[in-house]
Amino acid sequence: MRDLSRELLDWYDIHARAMPWRVGPRDKLAGVRPDPYAVWMSEIMLQQTTVAAVTEYFKRFIARWPTVADLAAAEDAEVMGEWAGLGYYARARNLLKCARAVVADHGGQFPADHAALLKLPGIGPYTAAAIASIAFDLRHVVVDGNVERVMARMFDEHTPLPAAKPVLTEHADRLTPNERPGDHAQAVMDLGATICTPKSPACGICPWRDPCRARAAGTAPELPKKTPKKAKPIRHGTVYLAQRDDGAWLVETRPDKGLLGGMMGWPGSDWVDVADPRPTGSPMRADWIKLNGEVRHTFTHFHLILDVMVAQVADTQADRGFFLPRDQFRPSDLPTVMRKAFDLAQS
DNA sequence: GAGGCGTGGTA
DNA sequence: TTACCAAGCCT
């Protein structure tokens, strides 16, 4: 097994992808060490999210809050606004909770300990292993979607996920070396992201081409098997965009739990399975005008079609939400579905 | 343990 | 256009 990890590390030394949060093999030779805060930030952002989507968000967060203490001292609304558009907003809420826990309980330093990391908000089995491994070079088995795919192919494992997870983890464990476990973890993930891709894997240039059983069997493109997903239902709703004469917008902060939790948004109706031609959920009396067109947006588990109502109001009395002054309103603070409604109203 | 939880890119 | 997919966590 040592030979396999050696082959992979040799490949990684040459092909490691450059990322703003990554300390590459050459930098390490020069004595550079990873910043655990940056490693943690990147790993939270990368949960179910592509490198391309994360890169600019990561740079903005680190520039605005250079240390975990800076982040812990931030206002909730600042962090949620900066996260807007990246999705899975529970990550942002847990990001703040975690930063505050690190300051309060760990003296402002991320613990170099897998079990302690696992106790922090938003850090699960993957992220705890990734931080321990990448930031502190401790040997832990890092298993994300890339690793699952690489292992399923290396060992031609046809059991569908998630049932196959334990056996794939055992395979990953046996391949993890004692030396440079952090680089090894990043190498497997880079391999999965660039060569052992979900579709059309580039087996011809893979450093593990020879030992890979799925390549020998010709089954690599169809692995890993996954249990089929449910079809997404279509839901319907209405949002209300009221602008006061002085330019302030009527917005609300959504409840901390549930969809888009803690994010700013437009007041409106519940989102239901059957379209109701009559708008409901109005936050205040006004001469509402229904816009032509609609907002279409897809969440993890349903499609959404929104009607958009607009009104110019003088009255500042609203049943829901609050008026946010024009100079404090930034569309980029809105989650994407809410920004789509704003864009429709502006067009 | 199965489902809730975003978004943008890609085929 | 539709469906799938990406460095998962929480309940």
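Each chain gets a letter, A, B and so on, in the order its sequence line appears, and its residues count up from 1.
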Rounding to an integer number of angstrom, what distance separates dG6(B) and dT11(C) when you compare their P atoms? 14 Å
Would you measure the distance from the P atom in dC4(C) across to the matching atom in dG3(B) and give it in whole Å? 16 Å
Whole-Å distance separating the CD atom of E43(A) from the C1' atom of dC9(C): 14 Å
So which of residues 77-94 of chain A are in contact with DNA chain B, with a heavy-atom cut-off of under 4.0 Å? G85(A), L86(A), G87(A), Y88(A), Y89(A)
Could you tell me the boundaries of the chain A footprint on DNA chain B, defined by atoms under 4.0 Å from its heavy atoms? dG3(B) to dG8(B)
Can the positive tip of R296(A) be found less than 6.0 Å from the middle of the six-membered ring of W271(A), inside 45° of the ring normal? no
Look at the side-chain N and O atoms of Q48(A) and state whether any lies under 4.0 Å from the OP1 or OP2 oxygen of dG8(C). yes
For dA6(C), does OP1 or OP2 lie under 4.0 Å from any side-chain N or O of K226(A)? yes
Taking for each residue the nucleotide of DNA chain C with the nearest heavy atom, is it T197(A) or I123(A) whose nucleotide lies nearer the 5' end? T197(A)
F329(A) and F342(A): aromatic ring centres closer than 6.0 Å? yes
Taking only N and O in the side chain of K232(A), is any of them less than 4.0 Å away from OP1 or OP2 of dC4(C)? no
Protein-nucleotide distance (L259(A), atom CG; dC10(C), atom P), rounded to Å: 18 Å
